[in-house]
Amino acid sequence: MIILVTLMLVSNNTIAQLTDIARLEYSFIPQSQSEDQYTRLRALFNYPIELKKDTYFVLGAEYNRVLLKLEEPYPFETQNIDNFHVIDVSIAYTFKPSNNWRYGVKFYPRIASTLTQQITKNDFFLNGGIYAIKDRTKDKNVKKPYRLVLGLTYNSTTGVPFPLPYVSYFRRLNEKWSYMLGIPKTNIRLNLNEKNLLQAFVALDGFYAHIQDAIIIDNKRADHISLSVVVGGLGYEYSFTDYLATYVYAGYTFRLNNVLRDVNRDEIYKLDNINAPYLRTGLKFKI
């Protein structure tokens with residue numbers, strides 16, 4: 001499941017880098033059957049530099065603050081894991097050698113940690129990927145416009161020492177209906193009009209980070225945490241202009257896995273894993 005969460009983070013950042021100039025987002029998972037809560041605040045900014053026609057160099061930055069409110073009785077002090085910071089600085093290059101395909105490469109080192117002490121090498125993670133995108137969504141000669149994204153991604157948090165494949169496929173059925181198949185998100189969308197969009201979705205969410213003040217449980221040292229969520233629900237997006245939109249996704253988790261891990265990523269202790277409602281909302285400026 002760590003691999004799926006990592007693919008979610010890699011692919012979300014990559015696609016956002018191609019379409020989103022800026023984004024502010026709030027996610028919340030309240031536990032209805034316990035006192036624990038998960039909150040994430042997210043901000044990202046991308047600055048594309050046009051080198052020549054259809055060729056761009058993109059500089060980006062993203063910050064996530066993850067707040068874990070753990071109020072259930074646990075056999076350890078929870079203040080060491082109530083606040084995490086995930087910081088990415090990205091460099092990407094994308095070009096379009098033909099009318100049908102666009103290629104891109106992205107490298108982004110990450111700091112993912114509690115940041116309660118001085119930063120060390122354990123707080124750093126290396127991520128990157130290469131992508132090929134066939135985008136026929138604006139081709140008037142195609143009866144059912146589509147977009148296919150193929151790629152290889154590498155992320156040091158997976159524990160897998162080789163790139164992993166990534167595939168996403170989008171197709172517009174008519175002026176109203178479209179769908180997307182892939183990871184981290186599969187959905188079916190209904191365009192009510194130029195400003196209003198509804199969708200039903202299944203998606204992955206989560207994070208992976210280093211705990212600087214390690215937790216000792218039964219003589220075992222937990223110095224990493226992973227949270228993985230599979231969620232389904234409904235979403236709504238409203239476009240103020242062609243470039244500015246707000247959105248809200250509401251649903252319920254089908255699988256919630258919150259785990260403390262050791263340096264080898266082996267499970268040490270499971271936190272509260274009760275499924276719960278899910279909310280994500282935000283504002284984005286896109287191209």
Side-chain angles (χ1 to χ4, degrees), residues 1-10 12-13 25-31 33-42 62-88 108-127 154-160 164 184 203-231 253-276 278 280:
M1 195 64 190
I2 298 178
I3 293 176
L4 292 180
V5 172
T6 303
L7 281 173
M8 179 277 298
L9 293 172
V10 170
N12 266 0
N13 291 340
E25 186 174 273
Y26 169 84
S27 301
F28 182 54
I29 302 178
Q31 287 286 7
Q33 300 182 45
S34 79
E35 298 298 322
D36 294 351
Q37 293 181 354
Y38 161 81
T39 303
R40 184 182 69 194
L41 307 174
R42 180 187 182 203
E62 179 174 339
Y63 173 72
N64 288 265
R65 185 172 183 181
V66 179
L67 306 173
L68 294 181
K69 183 181 178 182
L70 303 178
E71 300 292 343
E72 289 293 304
Y74 289 105
F76 54 85
E77 295 295 329
T78 60
Q79 66 266 23
N80 290 353
I81 55 172
D82 61 0
N83 197 340
F84 290 88
H85 306 267
V86 182
I87 305 167
D88 292 338
Y108 60 106
R110 167 178 294 168
I111 295 175
S113 172
T114 50
L115 294 185
T116 54
Q117 301 179 15
Q118 185 176 351
I119 295 175
T120 69
K121 64 178 182 179
N122 295 323
D123 302 311
F124 284 93
F125 303 92
L126 296 178
N127 313 302
Y154 175 79
N155 191 296
S156 57
T157 62
T158 64
V160 180
L164 297 169
L204 298 174
D205 204 345
F207 79 106
Y208 183 92
H210 178 234
I211 304 170
Q212 288 188 325
D213 297 309
I215 298 172
I216 306 300
I217 306 172
D218 296 332
N219 296 320
K220 295 180 180 180
R221 180 185 175 91
D223 50 14
H224 288 83
I225 187 172
S226 67
L227 171 64
S228 58
V229 177
V230 182
V231 59
T253 63
F254 298 119
R255 186 181 190 275
L256 192 154
N257 195 33
N258 203 0
V259 179
L260 299 179
R261 301 181 182 274
D262 63 17
V263 68
N264 298 317
R265 299 177 175 82
D266 294 329
E267 181 179 310
I268 298 298
Y269 189 90
K270 277 193 174 184
L271 300 172
D272 188 2
N273 291 326
I274 300 174
N275 288 319
Y278 172 94
R280 181 161 62 94

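What you are looking at is a predicted structure, and each value in this text was computed from that prediction instead of being measured. Just the heavy atoms: all of them, side chains too, but no hydrogens, waters or symmetry mates, feed the values below.
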Can you tell me how far [atom2] of [Y] sits from [atom1] of [X], rounded to the nearest 0.5 angstrom?
X	Y	atom1	atom2	answer
His85	Ile111	NE2	CD1	11.0 Å
Ile225	Ile268	CD1	CD1	13.0 Å
Tyr38	Ser27	OH	OG	6.0 Å
Asp262	Ile215	CG	CD1	13.0 Å

Taking the side chain as C-beta and beyond, is there a heavy-atom pair between [X] and [Y] under 4.5 Å?
X	Y	value
Tyr269	Val259	no
Asn64	Phe84	no
Val231	Leu256	no
Tyr154	Asn127	no
Leu41	Tyr63	no
Ile211	Leu260	yes
Asn257	Lys270	yes

Let's go through Leu204 and Val230 carefully: what are the C-alpha distance in whole Å and the side-chain angles of both, what is the deciding distance for side chain to side chain contact (heavy atoms under 4.5 Å, CB included) to 0.1 Å, and is it a yes or a no? CA-CA 5 Å; Leu204 298 174; Val230 182; 3.6 Å; yes

Specify whether Phe125 and Tyr208 have parallel, tilted or perpendicular ring planes, treating 30° as the upper limit for parallel and 60° as the lower limit for perpendicular.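 If you compare the ring of Phe125 with that of Tyr208, the planes turn out perpendicular.
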
Salt-bridge present (Asp223, Arg221; N to O < 4.0 Å):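 Salt bridge: yes.
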
Ion pair present between Asp205 and Arg40, side-chain N to carboxylate O less than 4.0 angstrom?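 Salt bridge between Asp205 and Arg40, a charged N being under 4.0 Å from a carboxylate O: yes.
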
Going by atom type alone, with no hydrogens or angles, which donor-acceptor pairs under 3.5 Å involve a side-chain atom of residues 73-80 and a protein atom two or more places apart or on another chain?
| unit_1 | atom_1 | unit_2 | atom_2 | d |
| --- | --- | --- | --- | --- |
| Tyr74 | OH | Asp36 | OD2 | 2.5 |
| Tyr74 | OH | Asp272 | N | 3.1 |
| Asn80 | ND2 | Asp213 | O | 3.4 |

Counting only heavy atoms not in Gln117 (residues, nucleotides, ligands), do more than 12 fall under 6.0 Å from its CD?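 Yes, CD of Gln117 has more than 12 neighbouring heavy atoms, counting only those of other groups under 6.0 Å.
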
Does Asp218 have more than 12 heavy atoms from other residues, nucleotides or ligands lying within 6.0 Å of its CG?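 No, CG of Asp218 has 12 or fewer neighbouring heavy atoms, counting only those of other groups under 6.0 Å.
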
For the backbone of Asn273 and the side chain of Asn258, can you confirm whether one donor and one acceptor N or O come within less than 3.5 Å of each other?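 Pair absent, no side-chain N/O of Asn258 close to backbone of Asn273.
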
Starting from the C-alpha separation in whole Å, work towards a yes-or-no answer on side chain to side chain contact (heavy atoms under 4.5 Å, CB included) for Asp123 and Gln212. CA-CA 8 Å; Asp123 302 311; Gln212 288 188 325; 2.8 Å; yes

Assess the side chains of Ser226 and Arg261: does a donor N or O sit below 3.5 Å from an acceptor N or O?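 Result is yes, a qualifying pair exists.
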
